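One structure below.
Keep in mind that what you see is a predicted model, and the values were worked out from it rather than measured.
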Amino acid sequence: MTTEMRHTTSPVLIVGAGPTGLMLAAELSRHGVQARLVDRRSGPVRESRALAVLMRTLETFDDLGLAGTVVRDGVPIIGIQISDGADEVASVELGKAESPFPFSVALPQSRTEEILLEHTTRLGVEPEWGTEVIAWRGDGDSTSVIMRRADGAEEECTAEWLVACDGAHSMIREAARIGGAGHDLNRTFLLADVRAPWRLPRDRIQVIFGGHGVFAAVPLPRPDGWRLVIDYEGDDVHELGPHPDIEVFRRLVAAETTLDPALSDPLWTTQFTARQQRAERFRSGRTILCGDAAHSHSPVGGQGMNTGLQDAYNLGWKLALVVQGAAGEMLIDSYEQERSNVAKQVLRRTERATKAVTLHSPVSRMMRDGVLHLLDRIRRAEEKVVRSFGGLNIEYRDSPAVLDRWQASGPSGPAPGDVAPDGFLRDRNGYETLRHLLRGPGHRLLLFGGQQQPAALAEAADRARAVLGSLGRVFTVVRKPMLDVPAGVFVDQHGDVHRRYGADRPAMFLIRPDGYLGLRADAHDVTPLREYLDRLRQ
């Protein structure tokens with residue numbers, strides 16, 4: 001007996017319920033679009049896999065109200081200690097870069113996924129586990145896929161938009177015939193999550209350059225827990241299998257470090273060869289690539305999961321506006337431009353870093369050690385490294401989804417495409433950080449008053465609200481102390497936020513839903529705001 005295939009529709013179908021897919025589903029829901037989320041796996045991952053939650057991702061989680069849980073459940077990392085096996089040759093202090101989170105967090109991917117899954121479920125989206133996409137067909141105004149559930153039943157789903165979050169070996173990318181450039185880095189790494197009786201600081205990553213390669217140890221959130229990452233050059237690498245025995249790690253710890261090799265209680269071991277890959281484009285019609293489906297790279301620097309989460313955070317609000325008819329497809333194209341450039345930079349940096357830390361010839365080691373000693377002495381270089389490592393240097397200044405209408409000369413603060421600066425302000429409930437006062441979906445327009453009177457500011461705010469409509473909220477920021485602060489007004493008691501924004505005159509700054517500046521103008525004329533919104537509708 002043949003069962004008739006079921007036919008369904010969805011505004012957005014997300015394939016892949018890993019961190020990227022979960023983040024995207026949650027962001028779409030937060031901005032008013034209920035997506036459908038499917039995954040061929042039977043449930044979330046149980047291995048630790050990706051471990052680092054970096055600064056910019058912590059800022060993103062803070063916007064979602066999840067940062068506290070991530071920090072509580074993980075191990076905050078404030079620095080990296082680098083040694084040659086006996087002596088420390090360099091250190092990197094993560095607090096050198098300005099961020100509300102001057103650290104990264106070591107948290108197993110399995111727990112990160114649990115946190116995101118709980119968040120996504122609260123917003124009304126439940127992943128459909130055991131549901132595999134077995135066929136794809138792209139069309140002009142929609143995309144159709146055939147899916148097979150664990151019980152064998154098949155279904156055809158037609159979606160206005162399909163987003164592939166199905167990993168580095170994406171079936172959707174292959175079916176859509178989206179090519180790309182990629183190559184192996186010919187570097188094999190062994191990973192293990194173990195217990196070790198080491199008296200090492202548990203707020204720092206340890207990196208040791210031994211005689212044959214690099215050894216790294218990252219604290220894990222369990223007693224005496226450590227993630228070991230070892231650059232392996234042995235001829236027997238294929239004999240070790242996909243999950244090397246703990247004895248292999250004991251031998252390498254004894255050979256390459258002065259640490260006690262008495263490792264125990266392995267939760268997970270694996271080996272892999274680092275590979276770099278980036279799709280030639282992130283969109284084909286109504287099909288979009290996100291996360292590892294669009295780019296994958298070496299694990300050095302812990303950028304993989306973080307880059308995918310930032311992809312989803314960037315795409316979510318844009319796709320929601322397009323689905324709701326409030327924006328045009330230019331906004332989807334801006335996702336590709338913004339995030340493709342980021343992926344290109346991440347690939348370049350991680351490849352260089354991977355090659356640098358895995359150099360094996362004596363001359364190469366001498367060059368590497370010289371660079372490390374130099375890094376330890378040059379603070380500016382250290383800050384640059386930290387900003388790059390933490391994802392704090394990402395900007396979208398060349399994006400079509402930003403607009404600059406700042407006419408005056410002199411200091412002007414952040415440009416459109418930069419992350420919106422934070423600072424302390426006072427509203428009618430007391431003091432709070434700007435990022436928390438503005439938390440939530442939609443755009444946020446800040447009107448800086450300069451020397452204007454409250455009545456003139458209120459009129460400017462009303463004009464801006466009429467233009468912005470349902471796309472966001474309008475707030476005014478004033479320097480003048482007030483005893484009774486009206487709703488929607490923030491008091492910059494000491495002028496710090498004005499200085500951070502370069503607002504020494506009447507000005508407006510429109511903050512996009514992803515925390516980046518979309519518009520700046522040094523007047524309260526709403527013409528630039530209309531121009532920005534018209535650009536979004538293209």
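Partners of Glu118 according to the side chain to side chain donor-acceptor pair (under 3.5 Å) rule, which considers only residues two or more places apart in sequence or in another chain, do not exist here. Residues forming a ring-ring contact (aromatic ring centres under 6.0 Å, His included) with Trp317 (at least two apart in sequence, or on another chain): His443. For the salt bridge (charged side-chain N to carboxylate O under 4.0 Å, His left out) test, residues two or more places apart in sequence or in another chain that qualify with Arg148 are Glu154. Take Asp236 and apply the side chain to side chain donor-acceptor pair (under 3.5 Å) test, not counting sequence neighbours, and it matches Tyr232. Legend: residues meeting side chain to side chain donor-acceptor pair (under 3.5 Å) with Thr143, ordered by chain and number and at least two apart, are Thr287. Scored by the side chain to side chain donor-acceptor pair (under 3.5 Å) test, Arg512 finds Glu338, Asp514 as partners (sequence neighbours excluded). Considering only residues two or more places apart in sequence or on other chains, Phe215 meets the ring-ring contact (aromatic ring centres under 6.0 Å, His included) condition with none of them. In this view, Asp265 and Arg195, Arg222 satisfy the salt bridge (charged side-chain N to carboxylate O under 4.0 Å, His left out) rule, not counting sequence neighbours. Every residue was checked against the salt bridge (charged side-chain N to carboxylate O under 4.0 Å, His left out) condition with Asp141, not counting sequence neighbours, and none meets it.
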Task: Evaluation steps, salt bridge (charged side-chain N to carboxylate O under 4.0 Å, His left out), between Arg41 and Glu132 - done: CA-CA 8 Å; Arg41 298 173 299 163; Glu132 180 179 10; over 6 Å; no
Task: Candidate pair Ile80 and Val207, rule side chain to side chain contact (heavy atoms under 4.5 Å, CB included), full reasoning - done: CA-CA 7 Å; Ile80 303 171; Val207 178; 3.8 Å; yes
Open item on the list: Under the criterion side-chain hydrogen bond (donor to acceptor under 3.5 Å, both in side chains), I'd like the reasoning laid out for Gln109 against Ser48: C-alpha separation, chi angles, the key distance, then a yes or no.
Closed with: CA-CA 5 Å; Gln109 180 179 327; Ser48 58; over 6 Å; no
Task: Evaluation steps, side chain to side chain contact (heavy atoms under 4.5 Å, CB included), between Ile178 and Phe282 - done: CA-CA 8 Å; Ile178 299 177; Phe282 286 12; over 6 Å; no
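Judged by distance alone, with hydrogens and angles left aside, the side-chain atoms of Asp292 form no donor-acceptor pair with the main-chain N or O of Gly308 at under 3.5 Å. Formation of a donor-acceptor pair under 3.5 Å by the Ser110 side chain with backbone atoms of Val45 is not found in this model. The backbone N or O of Ala415 lies less than 3.5 Å from a partner atom in the side chain of Asp418, making a donor-acceptor pair. No donor-acceptor pair under 3.5 Å is formed between the side chain of Arg56 and the backbone N or O of Ile394. Between the side chain of Asp311 and the backbone N or O of Gly291, at least one donor-acceptor pair lies under 3.5 Å. A donor-acceptor pair under 3.5 Å is formed between the side chain of Arg439 and the backbone N or O of Asp62. Although no hydrogens or angles enter the test, the distance criterion places no donor-acceptor pair under 3.5 Å between the side chain of Glu128 and the main chain of Arg36. At least one donor-acceptor pair under 3.5 Å links the side chain of Arg286 to the backbone N or O of Glu160. A side-chain donor-acceptor contact under 3.5 Å links Thr120 to the backbone of Leu116. A donor-acceptor pair under 3.5 Å is formed between the side chain of Arg444 and the backbone N or O of Gly442.
Contacts classified as ring pair (Phe, Tyr, Trp, His ring centres under 6.0 Å) and involving residues 114-160 (residues at least two apart or in different chains) are not found. The stretch residues 294-313 participates, sequence neighbours left out, in no ring pair (Phe, Tyr, Trp, His ring centres under 6.0 Å) pair at all.
Residue His238 places its NE2 atom among 12 or fewer non-hydrogen atoms of other residues, nucleotides or ligands, all under 6.0 Å distant. Other residues, nucleotides and ligands place no more than 12 heavy atoms under 6.0 Å from the NE2 atom of His169. In the displayed structure, Arg46 atom CZ is contacted under 6.0 Å by at most 12 heavy atoms of other residues, nucleotides or ligands. Remark: Gln324 CD is packed, more than 12 non-hydrogen atoms of other residues, nucleotides or ligands lying under 6.0 Å away. Residue Arg204 qualifies as enclosed at atom CZ: its count of foreign heavy atoms under 6.0 Å is above 12. In Arg177, the CZ atom is not crowded: 12 or fewer heavy atoms of neighbouring residues, nucleotides or ligands sit closer than 6.0 Å.
A donor-acceptor pair shorter than 3.5 Å cannot be found between the side chains of Asp422 and Thr433. Of the N and O atoms on the side chains of Glu233 and Thr188, not one donor lies less than 3.5 Å from an acceptor on the other residue. Gln276 and Ser296 share no donor-acceptor pair across their side chains, judged by distance under 3.5 Å alone. Counting only N and O atoms by type, the side chains of Ser388 and Arg349 include a donor and acceptor under 3.5 Å apart. For the 3.5 Å distance criterion, the side chains of Thr158 and Ser142 fail to qualify, holding no donor opposite an acceptor.
With a 4.5 Å cut-off on side-chain heavy atoms, Tyr516 and Ile511 do not count as touching. The closest side-chain heavy-atom distance from Leu263 to Leu228 is below 4.5 Å. Contact check for Tyr335 versus Asp333: no side-chain heavy atoms found under the 4.5 Å cut-off. Put simply, the side chain of Leu259 reaches to within 4.5 Å of the side chain of Leu200, judged on heavy atoms. Here the side chains of Leu117 and Pro127 are in contact, with some heavy-atom distance below 4.5 Å. Side-chain contact between Leu190 and Val248: present, with at least one pair of heavy atoms (C-beta onward) separated by less than 4.5 Å.
A salt bridge links Arg137 with Glu156: at least one charged nitrogen is closer than 4.0 Å to a carboxylate oxygen. Salt bridge absent: Glu280 and Arg173 never bring a charged side-chain N and a carboxylate O closer than 4.0 Å. A salt bridge links Glu114 to Arg111: at least one charged side-chain nitrogen sits closer than 4.0 Å to a carboxylate oxygen. At a threshold of 4.0 Å, the pair Arg278-Glu336 does not count as salt-bridged, since none of the basic side-chain nitrogens sits closer than that to a carboxylate oxygen.
Each of Leu58, Val75, Asp203, Val53 was scored for a side chain to side chain contact (heavy atoms under 4.5 Å, CB included) with Phe103, with one residue passing: Leu58.
Seen from the ring of Trp226, Arg202 counts as a face-on cation partner, given the 6.0 Å and 45° thresholds.
Taking each heavy atom of Val386 and Ala97 in turn, the nearest pair found is CG1-CB, 3.6 Å.
Note that OG1 of Thr307 is 6.5 Å distant from CZ of Arg339, once rounded to the nearest 0.5 Å.
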Side-chain donor/acceptor pairs under 3.5 Å, residues 24-32, sequence neighbours excluded:
{"residue": "Glu27", "atom": "OE1", "partner": "Arg30", "partner atom": "NH2", "Å": "3.1"}
{"residue": "Glu27", "atom": "OE2", "partner": "Arg30", "partner atom": "NE", "Å": "2.8"}
{"residue": "Glu27", "atom": "OE2", "partner": "Arg30", "partner atom": "NH2", "Å": "3.2"}
{"residue": "Ser29", "atom": "OG", "partner": "Gln34", "partner atom": "OE1", "Å": "2.5"}
{"residue": "Ser29", "atom": "OG", "partner": "Leu123", "partner atom": "O", "Å": "2.7"}
{"residue": "Arg30", "atom": "NH2", "partner": "Asp63", "partner atom": "OD2", "Å": "2.9"}
{"residue": "His31", "atom": "ND1", "partner": "Glu27", "partner atom": "O", "Å": "2.8"}

